[in-house]
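Worksheet for the structure shown next.
Letters A, B, ... mirror the listed sequences (proteins, then strands); counts begin at 1.
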2 protein chains.
Amino acid sequence: MKNRLKVLRAERDWSQQDLATALEVSRQSVNAIETGRYDPSLPLAFRIADVFGLAIEEIFQRD
Amino acid sequence: MKNRLKVLRAERDWSQQDLATALEVSRQSVNAIETGRYDPSLPLAFRIADVFGLAIEEIFQRD
DNA sequence: GTGAATTGTCAAGATAACTTTCCATTTTGA
DNA sequence: TCAAAATGGAAAGTTATCTTGACAATTCAC
């Protein structure tokens, strides 16, 4: 899956740590997802969508 | 997470095996997801949404 | 230009998502 | 009614997701 996390973070001027804190996951998890090393679980994808106020499909797309 | 798989299958008169075949996963995976034993991965959630022609959020909700 | 913050990544370990095989129970239909 | 199909779930194994801790490289602010 591809994702728009880096851009969405940049728009809000959030560090990976800021996002990790908001999501209650480790910074390494945010980095791994953002750089495409692995996909988030579905519950985490929902939390990410919530944090950005977007639908999952607006953040994640198949590659 | 809760999900509407059982109803969506019933609307289409699909067995768990029918859905599993369409998704290219085992029938036990469909059963486990449907009965809430575990959540699908994000890629599988996307495939499920595709198969039903719905958004992920229309199929899965937090519980 | 130096120090702090940010980012990328690795390693090792835990837990969750999936597989195949198998069996018991329930539902369906002729 | 009785067989076939469908469902629910256990066990054991693999892979993916996530953790903490660490370290190097890059970017940022003064």
Side-chain angles (χ1 to χ4, degrees):
Chain A
M1 315 235 44
K2 293 188 307 186
N3 71 75
R4 307 206 314 121
L5 288 187
K6 191 166 186 170
V7 169
L8 294 171
R9 267 196 317 108
E11 285 173 356
R12 288 157 182 77
D13 197 23
W14 289 350
S15 67
Q16 291 182 345
Q17 182 60 67
D18 291 336
L19 178 55
T21 300
L23 294 171
E24 297 183 301
V25 293
S26 69
R27 180 187 67 82
Q28 287 82 346
S29 287
V30 168
N31 181 271
I33 291 164
E34 185 166 311
T35 59
R37 285 213 305 286
Y38 55 73
D39 298 315
S41 66
L42 185 60
L44 180 51
F46 266 89
R47 301 211 299 281
I48 292 169
D50 280 356
V51 159
F52 288 115
L54 296 170
I56 289 176
E57 290 84 354
E58 293 175 305
I59 303 175
F60 297 93
Q61 300 89 30
R62 325 178 174 295
D63 46 13
Chain B
M1 315 238 41
K2 294 189 305 185
N3 70 76
R4 306 205 312 119
L5 287 188
K6 190 167 188 170
V7 169
L8 293 170
R9 264 198 318 110
E11 286 174 355
R12 289 157 181 78
D13 197 24
W14 289 352
S15 67
Q16 290 182 347
Q17 182 60 68
D18 291 335
L19 179 55
T21 300
L23 294 171
E24 299 182 300
V25 294
S26 68
R27 181 187 66 82
Q28 285 78 358
S29 286
V30 169
N31 181 271
I33 292 164
E34 185 166 313
T35 59
R37 287 211 305 286
Y38 54 74
D39 299 315
S41 66
L42 185 60
L44 179 50
F46 266 89
R47 300 212 299 280
I48 293 169
D50 280 355
V51 160
F52 289 114
L54 296 170
I56 289 176
E57 290 83 354
E58 294 175 302
I59 302 174
F60 297 94
Q61 300 89 30
R62 331 176 174 298
D63 46 16

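In this structure the side chain of B:Phe60 reaches within 4.5 angstrom of the side chain of B:Ile48, judged on heavy atoms. Side-chain contact check for B:Leu8 versus B:Trp14: every heavy-atom pair is 4.5 Å or farther apart.
Among the nucleotides D:dC18, C:dC18, D:dT20, the one closest to any side-chain atom of B:Pro40 is C:dC18. The A:Asn31 side chain lies nearest to C:dT9 when the options are D:dT19, C:dT6, C:dT9. Taking the side chain of B:Arg27 as heavy atoms from C-beta on, and the options D:dT19, C:dT7, D:dT7, the nearest nucleotide is D:dT7. Residue A:Glu34 places its side chain closer to C:dG8 than to any other of C:dA17, C:dG8, D:dT19.
Remark: B:Ser41 is not in phosphate contact with D:dT17, judged by side-chain N or O atoms under 4.0 Å from OP1 or OP2. Look at B:Thr35 and you won't find any side-chain N or O under 4.0 angstrom from OP1 or OP2 of D:dG8. Remark: A:Ser29 is in phosphate contact with D:dT19, judged by side-chain N or O atoms under 4.0 Å from OP1 or OP2.
What separates CZ of B:Arg12 from C1' of D:dA6 is a distance of 19 Å, to the nearest Å. Nucleotide D:dC18 holds its P atom 12 Å from the CZ atom of A:Arg37, rounded to whole Å. Distance A:Asp39 CG to D:dT15 P: 17 Å, rounded to the nearest Å. Summarising the geometry, the separation between CZ on A:Arg9 and C1' on C:dT7 is reported as 8 Å, rounded to the nearest angstrom. A:Gln17 places its CD atom 14 Å from the C1' atom of D:dG21, with the value rounded to the nearest Å. With rounding to whole Å, B:Tyr38 atom OH is found 13 Å from D:dT15 atom C1'. D:dT27 atom C1' lies 13 Å from atom CG of A:Asp13, rounded to whole Å. In this structure, B:Leu5 atom CG and D:dT7 atom C1' are separated by 14 Å, rounded to whole Å.
Place B:Glu24 and A:Gln16 on DNA chain C by their nearest nucleotides, and A:Gln16 ends up nearer the 5' end. Of the residues near DNA chain D, B:Gln28 and B:Leu42, the one whose nearest nucleotide (by heavy atom distance) lies more toward the 5' end is B:Gln28. The residue among B:Lys6 and A:Val30 whose nearest nucleotide of DNA chain D lies closer to the 5′ end is B:Lys6.
Contacts of B:Ser15 with the nucleic acid, taken as non-hydrogen atoms under 4.0 Å apart, involve only primed sugar atoms and P, OP1 or OP2.
With hydrogens and angles disregarded, a donor-acceptor distance shorter than 3.5 Å links the side chain of A:Asn3 to the backbone of A:Ile33.
A salt bridge links B:Asp50 to A:Arg62: one of the charged nitrogens lies within less than 4.0 Å of a carboxylate oxygen.
Residues A:Asp18 and A:Ser15 have side chains that bring a donor and an acceptor to within less than 3.5 angstrom of each other.
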